[in-house]
Amino acid sequence: MYSSAYVWAKVLSHMEERLGAVTVSAWFDDAEIVELTEEHLILYSASDFRRGVIRSRCTDYVQEALKELFGSDAKLLVFGDEELDAFRNKGNKNNTLDFNPQFSFESFVVGPSNRFAHGAAIAVANHPGDVYNPLFIYGPPGVGKTHLLYAIANGIRSKNPQANIVYIKGDQFTNELIAAIQSGNNIQFRNKYREADLFLIDDVQFIAGKESTQEEFFHTFNTLYENHKQIVMTSDRKPSDMLTLEDRLRTRFEWGLLADIQPPDYETRMAILKNKADRLGLELSDDVCNYIANNVTNNVRQIEGTVKKILAYRNLNDMPLDLPNISRAINDMFKSEGSALPTPSLIISQVCKFYSVDEVTLRGSLKNKGTAEARQVAMYLVRKLTNLSTPNIGQEFARDHSTVLHAINKVEMQLKNGDSHMQNNIRDITANINSCL
């Protein structure tokens, strides 16, 4: 029986032969396997735009690869956040999530950069609502913040299986609120969060600058706090650095304990690397581990991604795991400090998250006020943060050269005239983009 990771690696390789590596990377870069059975292959993608492309253009290629390589008739399903939540909640009477048991305190590699946050998370899991409430964990992407969120959930669930645990991402909280307002389900929305025993919110920075979202979150926070229910938040920055966050929320975020996590040092990177390799059944020599630990320095997620790539490379090429082969396999994952430019896709996705607009709408022709501002900001930031010319930017948005120039000039004029709303939005979105590099 092949592992789902092996099957997916073979499917991607098969598609690259037909579609090209660039195309496959563009549409499947953020895709993750949720489940592989005889009946279906479920993928998760956070991007509405990519999900649409995969469903409309790539389903036949994926199913063809499964059939040709493994004789499987599994059908492809592509989930977004809501579909993934519904899938995980299926059959759960409490309508709470089942958290991956691999994300535990025991599997979290502790070092100087994360020891304080790790200890605080354990204390919260042992005494929810009594100590460090709220717990606010902040740091750059990929350093283990979400791992600690899940570990807290698993710790509390082991002691109290009936606990009502609610997990949400900051941008998804906004999207659910918008849907609730449109459908008139405000009461159900509020009850979902205000009746939680443990409320976990990932990437809370995305609620900053959104007036209605902050209003709703303020009352949710107060209700939970007053009822001694535990609140745990993660962010890529501390509350004082969220420039468009309301002061009343900023002070509440700081009521409990702020715990930062920094990128791991060399010793911690080595420990994480060996731990991950052991779990995947890889035997890596000390010189290979040293090479990786000295070159992959950004975050834990990048280290784990490197190990997974080595596993796929070994399975697909049947190669010995010596230093020359490893260096060739993972050289493209290294980058010089400050050398990486954000891609237009990354910029657009972060603008969409900030403004709660899906990518298809942003790239489309809708011209309401909120969408128009988001589109103009996206064009301005693509011009500012990349090397693309205005005609190339126009191709990203299916617009002509003059439209792009007008959008850029309009944003620049607002910034020049001291428009604090636009200045803060640009500053926050740019910080979100940089945190992903």
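Model, not experiment: these values are computed from the prediction.
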**Student:** For the residue pair E254 and K238, establish whether any side-chain heavy-atom pair is separated by less than 4.5 Å.
**Tutor:**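 The answer is no; the side chains never approach within 4.5 Å.
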**Student:** Test: salt bridge (charged side-chain N to carboxylate O under 4.0 Å, His left out). Region: residues 48-63. Which pairs qualify, not counting sequence neighbours?
**Tutor:**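 Sorted pair list: D30-R50, D48-R51, R55-E83.
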**Student:** Would you tell me whether D241 and Y138 have side-chain atoms, one donor and one acceptor, within less than 3.5 Å of each other?
**Tutor:** no
**Student:** Start with the C-alpha gap between W8 and F28, add the side-chain angles, then the distance that decides, and say whether ring pair (Phe, Tyr, Trp, His ring centres under 6.0 Å) holds.
**Tutor:** CA-CA 11 Å; W8 184 235; F28 291 93; 5.7 Å; yes
**Student:** Looking at every heavy atom in both A378 and I347, which two are closest together, and how far apart are they?
**Tutor:**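 Heavy-atom minimum between the residues: O-CG2, 4.2 Å.
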**Student:** Answer yes if the side chains of E412 and Y380 hold a donor-acceptor pair under 3.5 Å, and no otherwise.
**Tutor:** no
**Student:** Evaluate whether atom OH of Y61 has more than 12 neighbouring non-hydrogen atoms of other residues, nucleotides or ligands under 6.0 angstrom away.
**Tutor:**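 No, not enclosed.
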**Student:** For T174 and D171, which I'm curious about, is there any donor-acceptor pair between the side chains at under 3.5 Å?
**Tutor:** no
**Student:** Classify the ring geometry between W255 and Y225 as parallel (under 30°), tilted (30 to 60°) or perpendicular (over 60°).
**Tutor:** tilted
**Student:** Taking Q230 for the side chain and Y132 for the main chain, is one N or O donor matched with an acceptor at less than 3.5 Å?
**Tutor:**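 Here the side-chain-to-backbone pair exists.
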**Student:** CD1/I348 to CE/M379 distance, rounded to the nearest 0.5 angstrom?
**Tutor:**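 The CE atom of M379 is 8.5 Å from CD1 of I348, to the nearest 0.5 Å.
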**Student:** At what distance, to the nearest 0.5 angstrom, does NZ of K353 lie from OG of S349?
**Tutor:**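 It comes to 6.5 Å.
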**Student:** Looking just at side-chain N and O atoms, do N227 and R194 make a donor-acceptor pair shorter than 3.5 Å?
**Tutor:** no
**Student:** Quick check for you: to the nearest 0.5 Å, what is the distance between I303 atom CD1 and N275 atom CG?
**Tutor:** 11.0 Å
**Student:** With sequence neighbours excluded, give me every salt bridge (charged side-chain N to carboxylate O under 4.0 Å, His left out) pair touching residues 421-434.
**Tutor:**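 Of all non-adjacent pairs touching residues 421-434, those that pass salt bridge (charged side-chain N to carboxylate O under 4.0 Å, His left out) are R237-D428.
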**Student:** Start with the C-alpha gap between Q262 and D260, add the side-chain angles, then the distance that decides, and say whether side chain to side chain donor-acceptor pair (under 3.5 Å) holds.
**Tutor:** CA-CA 7 Å; Q262 296 303 317; D260 73 316; 3.0 Å; yes
**Student:** Atom CD in E35, atom CD1 in I42: separation rounded to 0.5 Å?
**Tutor:** 5.0 Å
**Student:** Do the charged groups of E39 and K75 touch, with an N to O distance under 4.0 Å?
**Tutor:** no
**Student:** Going from CD1 on I207 to OG on S235, what distance comes out if it is rounded to the nearest 0.5 angstrom?
**Tutor:** 9.5 Å
**Student:** Report the distance from atom CG of L84 to atom CG of L77, rounding to the nearest 0.5 Å.
**Tutor:**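 The CG atom of L84 sits 12.0 Å away from the CG atom of L77.
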**Student:** Give me the ring orientation class for Y150 and Y167: parallel if the planes are under 30° apart, tilted from 30 to 60°, perpendicular past 60°.
**Tutor:**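 Rings of Y150 and Y167: perpendicular, over 60°.
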**Student:** Test of understanding: with side-chain hydrogen bond (donor to acceptor under 3.5 Å, both in side chains), list the residues that count as partners of Q414, not counting sequence neighbours.
**Tutor:** D419
**Student:** For residues D202 and T234, is any side-chain donor paired with an opposing acceptor at under 3.5 Å?
**Tutor:** yes
**Student:** Using the ring of Y355 (Phe, Tyr or Trp, six-membered ring only), decide whether K210 places NZ or CZ under 6.0 Å from its centre and within 45 degrees of its axis.
**Tutor:**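 K210 over Y355 ring: no.
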**Student:** Given D73, which partner from the list H40, K67, Q63 fulfils the side-chain hydrogen bond (donor to acceptor under 3.5 Å, both in side chains) test?
**Tutor:** K67
**Student:** Assess whether atom NZ of K416 is packed by more than 12 heavy atoms of other residues, nucleotides or ligands within 6.0 Å.
**Tutor:** no
**Student:** Side-chain donor-acceptor pair under 3.5 Å between T223 and T220, yes or no?
**Tutor:**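 Absent: no donor and acceptor within the cut-off.
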**Student:** Under 3.5 Å, is there a donor on one side chain and an acceptor on the other for S47 and E359?
**Tutor:** yes
**Student:** Any ion pair linking D203 and K169 (charged N to carboxylate O, less than 4.0 Å)?
**Tutor:**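 Result for this pair is no, no salt bridge flagged.
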**Student:** Would you call E195 and R190 a salt bridge, using N to O less than 4.0 angstrom?
**Tutor:**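 Salt bridge between E195 and R190, a charged N being under 4.0 Å from a carboxylate O: no.
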**Student:** Are any of the side-chain heavy atoms of R399 and R375 separated by less than 4.5 Å?
**Tutor:**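 SC-SC contact between R399 and R375 confirmed.
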**Student:** Going through the distances and angles, do F206 and F354 end up as a ring pair (Phe, Tyr, Trp, His ring centres under 6.0 Å)?
**Tutor:** CA-CA 6 Å; F206 284 115; F354 188 86; 8.0 Å; no
**Student:** Between N186 and Q188, does any side-chain donor sit less than 3.5 Å from a side-chain acceptor?
**Tutor:**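 The answer is no; no qualifying pair exists.
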**Student:** Return yes if a side-chain donor-acceptor contact under 3.5 Å exists between H421 and E373, otherwise no.
**Tutor:** yes
**Student:** Quick check on H127: does its NE2 atom have over 12 non-hydrogen neighbours (other residues, nucleotides or ligands) under 6.0 Å away?
**Tutor:**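 At most 12 heavy atoms, drawn from other residues, nucleotides or ligands, come within 6.0 Å of this atom.
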**Student:** Quick one: does NZ or CZ of R248 land under 6.0 Å from the six-membered ring centre of F218, within 45 degrees of the ring axis?
**Tutor:**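 Checked: cation-pi criterion met.
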**Student:** Classify the side-chain pair E176/Y193 by whether it contains a donor and acceptor separated by less than 3.5 Å.
**Tutor:** yes
**Student:** Around atom CZ of F253, are there more than 12 heavy atoms from other residues, nucleotides or ligands closer than 6.0 Å?
**Tutor:** yes
**Student:** side-chain contact (heavy atoms from CB on, under 4.5 Å) for F136 and V204? Distances and angles first, verdict last.
**Tutor:** CA-CA 10 Å; F136 191 100; V204 73; 3.8 Å; yes
